[in-house]
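Below, all heavy atoms of this structure are taken into account, side chains as well, without hydrogens, waters or symmetry copies. In what follows, chains carry the letters A, B, and so on, assigned in the order in which the sequence lines appear, proteins first and then strands, with residues in each chain numbered from 1.
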There are 2 protein chains.
Amino acid sequence: MYAAMTHPLEDYICRKIGERPVGLDLVLAQFTELRIKRNHVLLEEGKICHRCYFVVEGCLRLVTYNRNGEESTSNLIFEQEWVTSIQSFVNRQPANERIQALESSQLYAISFDAFQHLVKTVPPFETIYRALLEESYVHSTQRVMSLLGMDALERVRWLLSFQPLIFSRLSNKVIASYLGLSPETLSRLKMKL
Amino acid sequence: MYAAMTHPLEDYICRKIGERPVGLDLVLAQFTELRIKRNHVLLEEGKICHRCYFVVEGCLRLVTYNRNGEESTSNLIFEQEWVTSIQSFVNRQPANERIQALESSQLYAISFDAFQHLVKTVPPFETIYRALLEESYVHSTQRVMSLLGMDALERVRWLLSFQPLIFSRLSNKVIASYLGLSPETLSRLKMKL
DNA sequence: GAAAAACATTGACCTATATCAACGTTTTCA
DNA sequence: TGAAAACGTTGATATAGGTCAATGTTTTTC
């Protein structure tokens with residue numbers, strides 16, 4: 001039970017940097033804990049996203065709506081990952097996506113202003129943020145490639161090999177909307193695996 | 001002809017930062033100029049991408065190949081933009097995409113090691129890199145949303161409104177492969193605009 | 001813990017987009 | 001500059017995946 005004795009975000013940061021950085025308490029002080037229930041909407045589309053969240057426990061998704069009101073899952077976020085509507089958070093513009101909890105979740109939240117301040121004044125924080133942006137960008141480009149070049153079955157296999165966790169934890173409907181498929185199609189493809 | 005008197009990369013960096021940063025000459029010294037012809041392949045898939053390029057003049061694309069050898073354009077890069085195979089460059093792993101010139105181009109290249117060194121030792125360089133990652137990540141997420149939630153005609157209109165330059169400069173075939181469409185479909189859709 | 005709602009699956013059918021083929025036009029390059 | 005190759009467009013046809021509907025199952029809620 002040692003894990004429960006330390007601050008989850010402290011663990012994360014120390015692990016990422018490989019040491020306990022100077023000024024860490026100052027960083028941690030900028031975050032507030034937050035617990036939300038399944039289906040809770042953290043951000044509605046059209047609103048500006050003023051916060052960035054670290055996921056301690058649980059799972060969330062970014063949801064976009066097309067002209068006909070049909071939803072797509074533009075991203076899935078699990079433990080030890082961060083979530084925000086990046087375009088809205090960075091550019092201070094209305095979000096074109098919603099942030100919704102898929103499971104009851106425990107989060108740490110930081111405001112845009114505090115985030116910017118840390119990025120500017122705490123070098124290790126900027127480094128973590130940069131590394132996170134690299135990871136996220138790489139992931140997003142891989143996703144674009146899969147959507148451009150693979151058919152439905154290939155995408156299912158690709159997701160199964162790189163993020164098998166998703167299949168054991170999320171509903172058929174959510175997985176389908178993340179893959180750009182109808183639930184019926186995903187249901188049928190699962191039999192062909 | 002004033003523009004020709006200064007270093008294009010110097011211009012870019014000063015414009016991004018809003019002033020001439022200390023140590024800029026040190027940064028510029030790490031880059032080497034490079035001129036390539038249309039269709040030249042800067043990086044082949046399967047090789048590790050050891051360099052990052054700033055585009056002074058011209059246009060390039062990132063190309064991925066699926067199981068059947070059909071190509072998709074995973075990104076398009078114009079003047080004043082950067083190109084590398086990000087996953088390969090950052091993680092030192094074989095690239096799953098090719099970098100190819102669509103026009104004869106003038107570039108400035110920097111090696112991975114020099115790039116890392118600048119990121120670590122020249123704070124304004126890290127800041128520019130971070131801002132670039134933010135922009136690129138935002139762009140990539142928008143692309144995912146368009147591929148998940150829009151039909152072919154909507155994607156064409158979307159591209160036309162956000163990057164009209166592309167239509168005046170690139171071939172029907174390349175635009176189609178960037179939109180995830182066959183050339184025939186794009187050809188037909190253009191009449192419906 | 002029972003009723004209601006949401007979900008997963010399967011079948012029948014439909015449609016957006018791909019594929020294949022033909023042909024004229026543009027580009028490339030010897 | 002002229003032959004060959006690549007490209008763009010259009011028509012005919014094929015198909016992957018979507019939509020609609022029915023049914024049984026799981027989850028939510030009061």
Side-chain angles (χ1 to χ4, degrees), chain A residues 36-41 58-59 61 63-73 76 100-105 146-160 166-193, chain B residues 36-41 58-59 61 63-73 76 100-105 146-160 166-193:
Chain A
I36 57 175
K37 293 205 173 154
R38 183 167 144 77
N39 292 326
H40 179 83
V41 173
C59 168
R61 66 168 176 164
V63 194
T64 53
Y65 297 87
N66 70 9
R67 218 172 250 54
N68 306 322
E70 296 149 345
E71 63 182 43
S72 303
T73 298
L76 290 168
Q100 181 197 29
L102 290 174
E103 300 172 358
S104 296
S105 304
S146 81
L147 289 167
L148 282 177
M150 295 180 192
D151 67 18
L153 183 56
E154 287 171 331
R155 289 209 296 285
V156 174
R157 290 195 169 124
W158 173 78
L159 188 61
L160 206 45
I166 285 179
F167 284 86
S168 57
R169 216 163 143 183
L170 304 181
S171 70
N172 184 74
K173 193 186 167 193
V174 168
I175 301 169
S177 87
Y178 181 73
L179 287 168
L181 300 175
S182 70
E184 293 93 334
T185 296
L186 178 56
S187 193
R188 281 185 255 261
L189 289 176
K190 282 191 291 191
M191 290 187 311
K192 293 197 192 173
L193 288 177
Chain B
I36 56 175
K37 292 206 172 154
R38 182 166 144 77
N39 292 327
H40 179 84
V41 173
C59 168
R61 66 168 175 164
V63 194
T64 52
Y65 296 87
N66 69 9
R67 215 174 252 50
N68 307 321
E70 297 149 345
E71 64 182 43
S72 303
T73 298
L76 290 168
Q100 179 197 29
L102 290 173
E103 299 173 358
S104 297
S105 304
S146 82
L147 290 167
L148 281 178
M150 296 181 192
D151 67 17
L153 183 55
E154 286 172 330
R155 288 209 296 285
V156 174
R157 291 196 169 122
W158 174 78
L159 188 61
L160 206 46
I166 285 179
F167 285 86
S168 56
R169 217 164 142 180
L170 303 181
S171 70
N172 183 73
K173 193 187 168 193
V174 168
I175 300 170
S177 85
Y178 181 71
L179 287 168
L181 300 174
S182 70
E184 292 94 333
T185 296
L186 178 57
S187 193
R188 282 185 254 260
L189 289 175
K190 282 191 291 191
M191 292 187 309
K192 293 198 192 173
L193 289 175

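Taking every heavy atom of both residues into account, B:C59 and B:R169 meet most closely at CB-NH2, 3.9 Å. Taking each heavy atom of B:L148 and A:T73 in turn, the nearest pair found is CD1-O, 3.4 Å.
In this structure, the NE2 atom of A:H40 is 18 Å from the P atom of D:dT28, given to the nearest Å. Rounded to whole Å, atom P of D:dT10 lies 13 Å from atom NZ of B:K192. One atom, CG of B:D151, and another, C1' of D:dA16, lie 16 Å apart when rounded to the nearest Å. Between the CG atom of B:N39 and the C1' atom of C:dT27 there is a distance of 12 Å, rounded to whole Å. For the pair B:L170 CG and C:dT27 P, the interatomic distance rounds to 14 Å; values are reported in whole Å. Rounded to whole Å, atom P of D:dG18 lies 12 Å from atom CG of A:N172. Regarding B:R188, its CZ atom lies at a distance of 14 Å from the P atom of C:dA16, rounded to whole Å. Put simply, CZ on A:R155 is 14 Å from P on D:dA16, counting in whole angstrom units.
Using a 4.5 Å cut-off on side-chain heavy atoms (C-beta onward), A:R157 and A:L193 make contact. Between A:L170 and A:Y178 there is no side-chain heavy-atom pair separated by less than 4.5 Å.
Comparing B:L186 and A:E70 against DNA chain D, the residue whose closest nucleotide sits nearer the 5' end is B:L186. Between B:G180 and A:M191, the residue whose closest nucleotide on DNA chain C is further toward the 5' end is A:M191. Mapping B:R38 and B:L181 onto DNA chain C by nearest heavy atom places B:L181 at the nucleotide closer to the 5' end.
Between B:S182 and C:dT19, a side-chain N or O to OP1/OP2 separation shorter than 4.0 Å is absent. Neither OP1 nor OP2 of C:dA8 sits under 4.0 Å from any side-chain N or O of A:K190. Side-chain nitrogen and oxygen atoms of B:T185 include at least one within less than 4.0 Å of the OP1 or OP2 phosphate oxygen of C:dA18.
Comparing atom distances between the A:E184 side chain and each of D:dT10, D:dT19, D:dG17 picks out D:dT19 as nearest. Distance from the side chain of B:K173 is smallest for D:dC7 among the nucleotides D:dC7, D:dT10, C:dC7.
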Could you give me the CA-CA distance, side-chain angles and deciding distance for B:I166 and B:L160, then say whether side-chain contact (heavy atoms from CB on, under 4.5 Å) is met? CA-CA 8 Å; B:I166 285 179; B:L160 206 46; over 6 Å; no
